[in-house]
2 protein chains.
Amino acid sequence: MAKRQSHPETGMAPKAEQILQGAIEEFLAHGFAATSMDRVAKTAGVSKATLYNHFGDKESLFSALTEYLGEKRILDFVIEEPEDPAIFLKTWATAIFNQILNDPELLCFLRLIIGESGRFPELAQAFIRNVVKVGINRLTKSLESYPQLRLADAEVTARVIMGALLHYLLIQEIMHGEEIMPMERDRYIEGLVKLVITD
Amino acid sequence: MAKRQSHPETGMAPKAEQILQGAIEEFLAHGFAATSMDRVAKTAGVSKATLYNHFGDKESLFSALTEYLGEKRILDFVIEEPEDPAIFLKTWATAIFNQILNDPELLCFLRLIIGESGRFPELAQAFIRNVVKVGINRLTKSLESYPQLRLADAEVTARVIMGALLHYLLIQEIMHGEEIMPMERDRYIEGLVKLVITD
DNA sequence: GTCTATATATAGATAGAC
DNA sequence: GTCTATCTATATATAGAC
């Protein structure tokens with residue numbers, strides 16, 4: 001019987017997983033350039049040589065990390081689609097807000113991937129392909145399943161809704177604007193739903 | 001008669017202005033941590049000592065830079081408000097899109113201020129106070145001047161519209177998603193306007 | 001595979017001449 | 001005020017023992 005050498009879910013060697021966890025903590029907190037490999041090694045509890053042995057260099061480690069986090073956090077929300085589109089929208093928005101706002105790691109990941117999109121355009125594009133596009137396509141399909149909404153352009157509507165979500169997260173949470181431009185979550189969701197529901 | 005020692009508009013010493021221009025180029029391209037003071041000095045065409053003489057340290061230089069850029073780029077658009085709100089919205093959105101999309105420096109500034117909002121929360125907050133909040137307040141006022149829109153919540157509507165704008169800029173331009181999720185600007189504006197205009 | 005110790009480059013910041 | 005030259009710390013990355 002062989003010894004277990006890889007994680008049953010991620011298929012990763014235990015040491016690699018351990019390194020990645022340390023790397024996530026450091027990179028999410030400080031960004032790419034301000035994170036040193038010394039600190040990653042220390043946080044992960046391994047030596048620097050081990051770190052370099054598993055991931056060739058700093059950029060490769062960072063790529064592996066964003067890939068890992070991008071795959072875990074899919075915005076591909078599947079919720080029931082009740083008859084009333086207003087209820088659907090409110091339920092959907094509330095669920096996705098709660099999920100993201102209770103996941104500070106995801107908020108930091110968003111900041112990171114945006115902030116590094118100049119140096120690492122391919123990573124930002126992977127995020128768009130695997131997360132943003134999937135989520136918007138799913139929402140577009142859902143919107144299209146409600147013909148009574150009489151939407152002129154479902155995809156644009158889906159993008160606007162995602163944009164509203166993003167705006168809230170970016171201003172209130174990521175950029176620390178809560179006290180400067182306070183806005184209650186329920187009021188925001190309510191207003192957004194009413195904007196989409198034309199009656 | 002005294003020699004002219006400061007810029008007539010910014011009130012800055014010529015050398016300080018020169019340094020700032022070099023700093024803008026470097027910081028916008030590489031972010032805070034990845035930008036070295038050596039490179040800033042070289043790009044600005046001064047020695048490192050001169051640089052430190054004008055701006056005490058790297059963080060102070062960065063703060064001065066974000067303040068400078070934040071004051072120049074106010075999203076406080078004042079356009080005429082025609083009778084038809086649909087025309088107003090379309091004109092407003094088109095103008096602001098054109099302004100921002102033709103200003104790559106502003107796009108990089110957005111990326112920068114978001115990316116560094118972890119290390120420099122106060123700078124992000126200053127940006128929100130001086131740029132985002134002002135712009136949203138102005139738009140809210142404009143929306144309120146059209147009672148025929150019968151908006152349930154003008155401020156939320158203004159935020160959603162700004163969010164739609166931001167989403168487009170972020171996905172298409174800043175994160176290089178143009179080829180992955182193509183979307184024509186006019187189609188997007190059209191759809192956004194139709195969403196707000198309930199008829 | 002994992003460690004300690006180290007090589008080499010470059011960072012932020014300053015001293016001292018002019 | 002501005003420069004050249006330099007200090008000190010720390011960065012990425014690797015060599016070599018085990």
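A, B, ... follow the sequence lines: proteins, then strands. Residue 1 opens every chain. On a predicted model such as this, the values are computed, not experimentally measured, just so you know.
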Close side-chain approach of A:K194 to B:V156, heavy-atom, < 4.5 Å: no
Is the shortest heavy-atom distance from the side chain of A:E190 to the side chain of B:D153 under 4.5 Å? no
Using atom [atom1] of [X] as one end and atom [atom2] of [N] as the other, report the distance to the nearest whole Å.
X: A:F55; N: C:dT2; atom1: CZ; atom2: C1'; answer: 15 Å
X: A:N53; N: D:dA15; atom1: CG; atom2: P; answer: 12 Å
X: B:K42; N: C:dT10; atom1: NZ; atom2: C1'; answer: 13 Å
X: B:L51; N: C:dT14; atom1: CG; atom2: P; answer: 12 Å

Return no unless some side-chain N or O of A:K15 is found under 4.0 Å from OP1 or OP2 of C:dT2. yes
Is B:T50 near enough to D:dT2 that one of its side-chain N or O atoms lies under 4.0 angstrom from OP1 or OP2? no
Assess whether a salt bridge exists between B:R187 and A:E155, defined as any Lys/Arg side-chain N lying under 4.0 Å from an Asp/Glu carboxylate O. yes
Protein-nucleotides 8-12 of chain D N/O pairs closer than 3.5 Å?
residue : atom : partner : partner atom : Å
D:dT12  : OP1  : A:T35   : O            : 3.1
D:dT12  : OP1  : A:K58   : NZ           : 2.9
D:dT12  : OP2  : A:M37   : N            : 2.7

Which pairs would a plain distance check flag for residues 80-89 of chain B, meaning a side-chain donor or acceptor within less than 3.5 Å of a matching protein atom at least two apart in sequence or in another chain?
residue : atom : partner : partner atom : Å
B:E81   : OE1  : B:S145  : OG           : 3.2
B:E81   : OE2  : B:S142  : OG           : 2.8
B:D84   : OD1  : B:A86   : N            : 2.9

From the list A:I128, A:L65, A:T66, side chain to side chain contact (heavy atoms under 4.5 Å, CB included) partner of A:L123 resolves to A:T66
Go nucleotide by nucleotide along DNA chain D from the 5' end; which of A:A49 and B:S47 gets its closest nucleotide reached first? B:S47
Listed partners of A:K141 passing side chain to side chain contact (heavy atoms under 4.5 Å, CB included), at least two apart: A:E144
